[in-house]
Every structure is written in structure tokens, then in C-alpha cells.
There are 2 protein chains.
Amino acid sequence: MAMTHTQSRFNSTLTSQCQNCSLSALCLPIALADEDINKLDQIIERKKPLKKGEFLFRQGDTFDSVYAVRSGTLKTFNITSFGEEQITGFYCPSELVGLSGIDSNVYPVSAKALETTTVCEIPFSHLEELSTQIPSLRHQLFKVMSRKISDDQQMMVLLGKKNADEKVASFLLNLSNRFKKRGYSASSFRLSMSRGEIGNYLGLAVETVSRVITRFQKSELVHVDGKEIEIVDFPEMQKLVGVASDCGKITQI
Amino acid sequence: MAMTHTQSRFNSTLTSQCQNCSLSALCLPIALADEDINKLDQIIERKKPLKKGEFLFRQGDTFDSVYAVRSGTLKTFNITSFGEEQITGFYCPSELVGLSGIDSNVYPVSAKALETTTVCEIPFSHLEELSTQIPSLRHQLFKVMSRKISDDQQMMVLLGKKNADEKVASFLLNLSNRFKKRGYSASSFRLSMSRGEIGNYLGLAVETVSRVITRFQKSELVHVDGKEIEIVDFPEMQKLVGVASDCGKITQI
DNA sequence: AGTAAAACTTGATCTGTATCAGAAAGTGAT
DNA sequence: ATCACTTTCTGATACAGATCAAGTTTTACT
């Protein structure tokens, strides 16, 4: 039956291992010895896929795990004092979500799937315990958190100092870099988030995002077809952003 | 001789210990057993004071230590692609500077003293090593980094969604909270940064900061005298910011 | 496939904040 | 104390991007 078939596909996902995971070179297992990867593997739970719009966790939920995205995309967001949503990040495969919950034992943001998304759940207490036994894992964790801090600071620069063109160009190049790092095309990809979500994230109105993208299209910087985007003129885009010093280092705008 | 005298004062500072430090309840030693505090104490170097304008480290320097501020204030900033400074944070006593350097082994920002400032240097490799032996220290470190991540995300909300009044009010209440936590007055304090630096940090022009503060003064929200500031009408200020949901949790805007 | 809702685009107008300009008040060095 | 320099304040003007208003396309559900 179809049901059973689907179920079995899920199971195969659920039983997959860090060793076989194509993301292991980017995710936590970096530089772990085989036996260490095994230990890590044992504490990780593969969860069944989230459908578009489903929550991974909600602002205020008790924190107990961080999650590595396996496929799909997530956004994290805050609900501000007057009920508006403020997106604080988008998460691609191999990226870790939920680190901001460690401090207060409560997630300070909500995480929601932008498309069908699978994640590996990593119970934090186990991860912490394991990091005692595996120094390189501990170091890796510190690095991931440190990276997040410097990325967020780059984002603060973007929000505080850049104009609409620069914001959108930075955003697109940043996505491009992240795709490239995962072995996908750096020039052609699909935006899993809406124009509205891009605007929300960048501190711009939807209309502005739309206009900027149209303008980029007209000046042959990019080709756009709905959510499909192709970056045509990298040099010019990089010039807009302020080139090397910025976009190279940012993993996540 | 004056020289000798000064020198000896420095020495007394340099030999002070975590146990006697009034900041230990806020800094890393939180919840450490006495013997553990001793271990931590041994890896920490008290440095001689930085004068106003001196650098603690520069963007691009090799990372090897994080620093706890003992007295005074620091700012961290980036130099953007076209040479302008973008301030990414202000650091008060007990706060940890330099965590963003762990990832790349290079500080991605510069840190400069806003006034005479003393810091404790904590060589990171030692700290990491020590965190293996002391689980509560390791946990504390994760918490500090996690807190920084969620604080930075609040800052992103501020930069992306708030208007000038809300930004300045958030900034002042945030400082107020940080002073309060350290046992100083929550209502009266001295701004160690210039209007220009506040504006830079908040994504506003100097003139706007000045105007907003003047307006706050006229509507009796605050009393200002140069760098001295007194928050008079907390409820109204909190209303501006969006009250509870925001300012309570933010340690560092 | 058909329809309702959501997302996107484009144009016209409005507005908050930047920018420009100059005066006033502080600050530091000689 | 004086001078040069920096910071702060205040006013006038300009403009990037928000908001408002439609129209069009895409998406999702039955």
C-alpha cells in the first residue's frame, strides 16, 4: 500500500547515519574519528519530515535539543511586542538551529519549515556530555557558536549601514555562498522564502524587495523567474556588497 | 617615586583574584566550587589598564584570548568595505569580549577602550582545556555564547524594525538593566560613548540621536546633562520599547 | 480542472530620517 | 587662560524607502 511504502521511505531516512550523510563534512562530525562519529550518531534522532509551515519548536518552548537541517529550509523568528513577526535567520542543510536556547533553557525564537524539511535532533545534554569525551567535538561546537556570533554581527552591519540594493545583493550572494559550499550551483538556485520573508529579514518592505530584484534583472545582474534565481554578473553584485571583506566570510547573513 | 607608586598600584590590580572580585557573580566563575575558581584564577592574566582610545585587539589579529572587562567600557567594531566604522557592541564590567574570534582564529572585529579600562585576559586554549575538567565551567561558557547569540538577534530586531525613538529608548533601558545587574543605579548613569557612537551602533545619524534625546528630555522621560543621564519615566520608556517581552531579557542590546 | 487565497509587481504619494550647514558648548594641549 | 579641535545641538532641505492602491500571477485546495 502507498501508506506502507511512504512509511518505509521515512524509516530509511530515520535510520541513516552520520557516516553516510553527505553533509558530514559541513555538520558537526567534521574532523571526528570514525569511532567518535559513531558515538555522535547514537545520540542523534532523525525526525520525520516537517511539512511546509510546520513548527520545529516555538518561542517559549523548553529547550532541550539543537537541530541540524538535513534537507529543506527553516526560518527562525521572534514575535515582537506588537505581534509582528521578525525573521532572525534562514537555515540550510548542515546548519545548526536552536543554539540560542542554551542560555535560558527556553527557545527565544520559533523555527518553522519553509518547505518540506528534515532535521536531525541532537539532545543538548547528550551533546554536552559527549563533548567532554571528544575534545574535537567540543572545539567544533565552540567554533559553530562563535561563527554564529560573527555572522550575526555582519548581519547587524548590513541592517544598520546598507541601503536596499546592498541588502538584497548581500542576501543573494550569501545564499549563493551557502549553496556553493554544499556542492550546489553558486549561480542558480531556488529561493525557498517569499519576497515578504526576505523583506522582513532585511528590514525592507515587500514592495522594495520586489522593485530591487526587478531592477537587478533589468540591469542584467540576475535573471529571475519567480522563485528561481540566477546570478549573472557576480563581479557587479560583489561590487554592490563591498566585495571580499564581506561576503567571503559570512556563512549566514 | 611616583612611578614606583603607580607601578605598585598596578601590581595590586594584577594580582587580584577571582575570589575577591566583585564581578565573580556575573562573570565566568558563576556557580564554580572554590577549588575550581582557583584553577580558573591561575590561567587568568590581569592586564594593565588601557587608556581611552587604546586597542585591546584589532580586526585581523590572531585570536588567542577572550577578555573579561573588569572596569571601564570597550566598544567592538568592524571596518566596512568603504572604510567606515560599524560598532557591533559595547562591553561593560563582567562582560566577555572576543568570543567571535574562536571560529576563524582571528578577531573579526577590533576592540577599543572608551575610557580607562581594565580587563582580565583569559587564554582560550587554557579555558577550553579547563572546561574539560570542570563541567559547570563548560556549561557556563556555552551559556555565555548562547546568550550572546540571542542578544545579537534582539539587536537585529531593533535595527530592522524599530524607529529612532524606539531604538534610543531600547538602548538606554538596556544600559540601565546592565548597570542595575552590577549593583549600580538603574536610573542614573554616565554614557561612556559619544552620541556619534550611539548613532553608529543604532543605525542612526548623530543628529537624529541628539534630537531624540532632546525630545525625550522635553517630554520629561529623561534628564540629560551631557553624558550624564537619568531615566525619569520608566513606564513611558518601556512603553516605547514594547515593554516586558523585550528589554527584560536583553543583557546587551 | 477550477476557484479562492496568497504572493508578487508596478505606480503614485507620503514621511522619517539623512544630509547639509552653522552655532554653541566641551575638551585637551600649550 | 587661550587656541584649536571635537562633540553636541538646532534648523532647513532632500530623498530613500514606506505606505497606499490596483492589477497580475502563482499557489494551494477541493
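We name chains A, B, ... by the order of the sequence lines, and we start the count at 1 in each one.
- The phosphate of C/dC8 (OP1 or OP2) has a side-chain N or O of A/K227 nearer than 4.0 angstrom.
- The base of C/dC20 is paired with the side chain of B/E207 by a donor and an acceptor separated by under 3.5 Å.
- Between B/E95 and B/R182, at least one side-chain nitrogen of the basic residue sits less than 4.0 Å from a carboxylate oxygen of the acidic one, meeting the salt-bridge criterion.
- Aromatic ring centres of A/F189 and A/Y184 lie farther apart than the 6.0 Å criterion allows.
- For A/R211 against D/dT19, a side-chain N or O and a base N or O form a donor-acceptor pair under 3.5 Å.
- Nucleic acid contact class of B/G196 (heavy atoms, under 4.0 Å, all strands): sugar-phosphate only.
- Checking B/K52 against B/D165, the closest nucleotide of DNA chain C that is more toward the 5' end is the one next to B/D165.
- Side-chain proximity of B/R195 to the nucleotides D/dA28, D/dT7, D/dC9 is greatest for D/dC9.
- Between A/F63 and A/Y107, the two ring planes are perpendicular [angle over 60°; tilted spans 30° to 60°].
- Nucleotide D/dA16 holds its P atom 18 Å from the NZ atom of A/K161, rounded to whole Å.
- Interatomic distance, B/I198 CD1 to B/K167 NZ, rounded to the nearest 0.5 Å: 13.5 Å.
- A 6.0 Å sphere centred on NZ of B/K52 holds no more than 12 heavy atoms belonging to other residues, nucleotides or ligands.
- Side-chain proximity of B/T214 to the nucleotides C/dT9, C/dT17, D/dT10 is greatest for D/dT10.
- Rounded to an integer number of Å, the gap from CD of B/Q217 to P of D/dT8 is 15 Å.
- Residue B/L191 contributes atom CG, which lies 15 Å from atom C1' of C/dG26 at whole-angstrom precision.
- The side chain of B/T208 approaches C/dT17 more closely than any other nucleotide in the set C/dT17, D/dT19, C/dC8.
- Rounded to whole Å, atom P of C/dA7 lies 13 Å from atom CD1 of A/I198.
- Comparing atom distances between the A/S210 side chain and each of D/dT7, D/dG17, C/dC8 picks out C/dC8 as nearest.
- In this entry the distance linking CZ of A/R190 with C1' of D/dT26 reads 11 Å, nearest Å.
- One atom, CZ of B/F216, and another, P of D/dC9, lie 14 Å apart when rounded to the nearest Å.
- Positionally, the nearest nucleotide of DNA chain D for A/A164 lies more toward the 5' end than for the other of A/D225 and A/A164.
- A straight line from CE of B/M193 to C1' of D/dT8 spans 16 Å, rounded to a whole angstrom.
- The nearest whole Å value for the distance from the CG atom in B/L204 to the C1' atom in D/dT8 is 16 Å.
- Across all strands, B/G199 comes closer than 4.0 Å to no nucleic acid atom at all (heavy-atom distances).
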